[in-house]
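Here is the structure we will look at.
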Amino acid sequence: MEAKNIKINIPSAATDLINKLYDAGYEAFIVGGCVRDSLLGRLPGDFDITTNAEPEEVKRLFKKTVDTGIRHGTVTVIESGEPYEVTTYRIDGEYADSRHPVSVSYTKNLRDDLARRDFTVNAMAYNDRVGLVDAFSGIDDLEHGILRAVGEARLRFTEDALRILRCIRFSSVLGFGIEKSTADALRELAPGLLKVSAERIYSEWKKLLGGKNAYYVIEEYRDVISIFLPELSDVSLPDRDSFDKLSVENRQLCMFASIGLEGFENASHRLKMESKTRTKGASVLKNLIYSPNPSDNELKRYLVDNGDEISLDGAEISAAVGITDKQTYLRMLSLVSSPIPRKISDLSIGGRELMAMGVRGEGIGKLLYALLLEVAQGNIRNDTDELLLRAQELL
Ligand code: ATP
Ligand code: MG
């Protein structure tokens, strides 16, 4: 269970923190995702620490601490300016609501703490004194790229349904396969996800969408995803190459392209997506390019009407799902990087000049738009005299 020969580089502040706990007579290890990521050669997001010292003892030992999750045994220690979550070895009690243990109790045994963790690859601890503590053969699963529940998968997914989504998220992000009994259990128990909060679902879903293996996981586990995104149950994905190139937001939008605006708005509301994602997503979906091979003038009008960001995303998604040609996106890219005027403020004249000509109210905006379109499409030059002349003609 312990491997002395494995060495992980721990930030020096975390090493100091661990040493202080040992000096006071306790044990301490880095644990979970940071051990997994370090062994995979990935940069860990944060280094979590597990210890047999209880929170009050941790607080006594360190000058700067914050009670971030004291009810679950977690204290954040600020060591050399860096925050570390230090959690007491813990056993989770009964789970009441498919998500939260009713009670947690402390234990002096590291193995018990590792046993409450979700997957074997997330259930390893390490420090420089002891080496790797791997009570559930996480290192073997890591080497083979396998996600396997710690203990009985059905029980673990029943206790906390979020683990179902974490499992397919890790499969997407790490490119790991899911061991059969774990995969069977997560499919069977996927309806439990309905009890998980929208915020947690959406945060995992975004990570899943951004994973290198997202395409495969979305295809393979569509039944699981459909529990929280029923809109997407029958959607077909674009070809993998096009999908893989898209940003997280555009991967999501390309799945909604065939569903339409209403489906997206329902889903984004239900999952409490950020307002920027919602409004931008709605604009893109309202303005997909359905023409297979739009003319230059059509593309320029689209750019004037929608601005750079929506135009690029709209063209990229439309091309990915095949409602416009792949070239359309490349043409839009070169339009956006060209200096052509596409905003009213790019014009050499403004409202003031038109008012001097006697134009009033809504007419000003309409006329400026008409002039801008002509300039963008190359019918007239962006030159004050030429614009004023053309304005006269249009009046
Ligand atoms: P990430 O790269 O997203 O941070 P992570 O594995 O570090 O992945 P965290 O949410 O930071 O995920 O959790 C840290 C550790 O806590 C996990 O590696 C795992 O050991 C344990 N853990 C987190 N969530 C759960 C859960 N729902 N059930 C059981 N163990 C969990
Ligand atoms: Mg983490």
Side-chain angles (χ1 to χ4, degrees), residues 8 10-11 14 29-51 68-69 72-74 76 82-102 104 107 110-126 132-139 141-142 147-176 182 185-186 189-190 192-193 195-197 199-214 248:
I8 293 177
I10 306 180
F29 297 81
I30 60 165
V31 71
C34 62
V35 175
R36 176 199 69 221
D37 287 345
S38 300
L39 292 172
L40 286 172
R42 295 166 58 94
L43 198 64
D46 38 27
F47 282 79
D48 295 329
I49 289 170
T50 189
T51 178
T68 40
H72 307 110
T74 304
T76 297
E82 291 293 321
Y84 291 97
E85 284 197 358
V86 178
T87 304
T88 306
Y89 295 168
R90 194 179 97 183
I91 300 174
D92 294 337
E94 289 282 299
Y95 280 75
D97 56 355
S98 298
R99 180 75 193 100
H100 302 101
V102 180
V104 301
T107 165
L110 173 59
R111 191 184 190 286
D112 293 341
D113 181 82
L114 297 176
R116 75 169 169 90
R117 294 172 185 274
D118 46 7
F119 306 107
T120 61
V121 296
N122 288 347
M124 292 182 277
Y126 173 90
L132 188 75
V133 183
D134 176 21
F136 301 97
S137 303
I139 193 87
D141 286 338
L142 202 70
L147 291 158
R148 183 193 312 269
V150 174
E152 218 261 290
R154 294 183 73 251
L155 175 68
R156 305 310 310 286
F157 292 139
T158 308
E159 286 172 348
D160 178 0
L162 181 66
R163 292 172 188 153
I164 294 166
L165 188 48
R166 279 174 60 88
C167 191
I168 61 172
R169 181 262 280 197
F170 285 123
S171 174
S172 171
V173 172
L174 302 175
F176 280 20
T182 302
L186 77 81
L189 297 165
L193 283 170
K195 295 196 189 150
V196 178
S197 74
E199 290 84 354
R200 301 304 296 258
I201 295 269
Y202 181 53
S203 132
E204 292 296 329
W205 167 237
K206 267 195 300 190
K207 291 181 190 168
L208 188 167
L209 267 175
K212 61 181 176 196
N213 206 26
V248 169

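Indexing begins at 1, ligand by ligand and atom by atom, following the structure's order. Along the sequence shown, the residues carry numbers beginning at 1. Side chains included, hydrogens not; waters and symmetry mates left out as well; all remaining heavy atoms used.
- Close contacts of ligand 1 with Lys207, meaning ligand atoms under 4.0 Å from a residue heavy atom, involve 3 (O).
- No side-chain donor-acceptor contact under 3.5 Å links Tyr84 to the backbone of Ile49.
- When the heavy-atom distances from atom 2 (O) of ligand 1 to Glu159, Arg36, Arg163 are ranked, the shortest goes to Arg36.
- Among protein heavy atoms, the minimum distance from atom 27 (N) of ligand 1 is reached at Asp160 OD2, 2.8 Å.
- Ring orientation note: the planes of Phe157 and Phe119 are tilted relative to one another, at an angle of 30° to 60°.
- When only non-hydrogen protein atoms are considered, atom 13 (O) of ligand 1 lies nearest to Arg166 NH2, 4.0 Å.
- Counting non-hydrogen atoms of other residues, nucleotides and ligands closer than 6.0 Å to CZ of Arg99 gives a total above 12.
- The shortest separation from a heavy atom of Phe119 to ligand 1 is not under 4.0 Å, leaving the residue out of contact.
- Put simply, no part of Arg156 is less than 4.0 Å from ligand 1, judged by heavy atoms.
- Ion pairing of Arg163 with Asp118 is absent here, as no side-chain N (NZ or NE/NH1/NH2) approaches a carboxylate O to less than 4.0 Å.
- In terms of protein heavy-atom proximity, atom 7 (O) of ligand 1 is nearest to Gly33 CA, 3.3 Å.
- Put simply, the side chain of Ser171 gets close to the backbone of Phe176: a donor and an acceptor are under 3.5 Å apart.
- Among all non-hydrogen protein atoms, the one lying nearest atom 1 (P) of ligand 1 is Arg169 NH1, 3.8 Å.
- For the side-chain contact (heavy atoms from CB on, under 4.5 Å) with Asp92, the qualifying choice from Asp113, Asp112, Val104 is Val104, the only one to do so.
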Could you go through residues 202-210 and list every donor-acceptor pair under 3.5 Å that involves a side-chain atom there, pairing it with any protein atom two or more places apart or in another chain?
from	atom 1	to	atom 2	distance (Å)
Tyr202	OH	Glu274	OE1	2.9
Glu204	OE1	Arg169	NE	2.6
Glu204	OE1	Arg169	NH2	3.3
Glu204	OE2	Arg169	NH2	3.3
Trp205	NE1	Gln252	OE1	2.8
Lys206	NZ	Glu274	OE2	2.6

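- The protein atom (non-hydrogen) at minimum distance from atom 21 (C) of ligand 1 is Arg117 NH1, 3.6 Å.
- Among all non-hydrogen protein atoms, the one lying nearest atom 11 (O) of ligand 1 is Asp48 OD2, 4.2 Å.
- Annotation: Arg154, atom CZ; neighbour count of heavy atoms from other residues, nucleotides and ligands within 6.0 Å does not exceed 12.
- Residue-to-ligand polar distances keep Asp46 apart from ligand 1: every N/O pair is separated by 3.5 Å or more.
- The option from Val31, Thr50, Asp118, Asn122 that lies nearest to atom 20 (O) of ligand 1, judged by heavy atoms, is Asn122.
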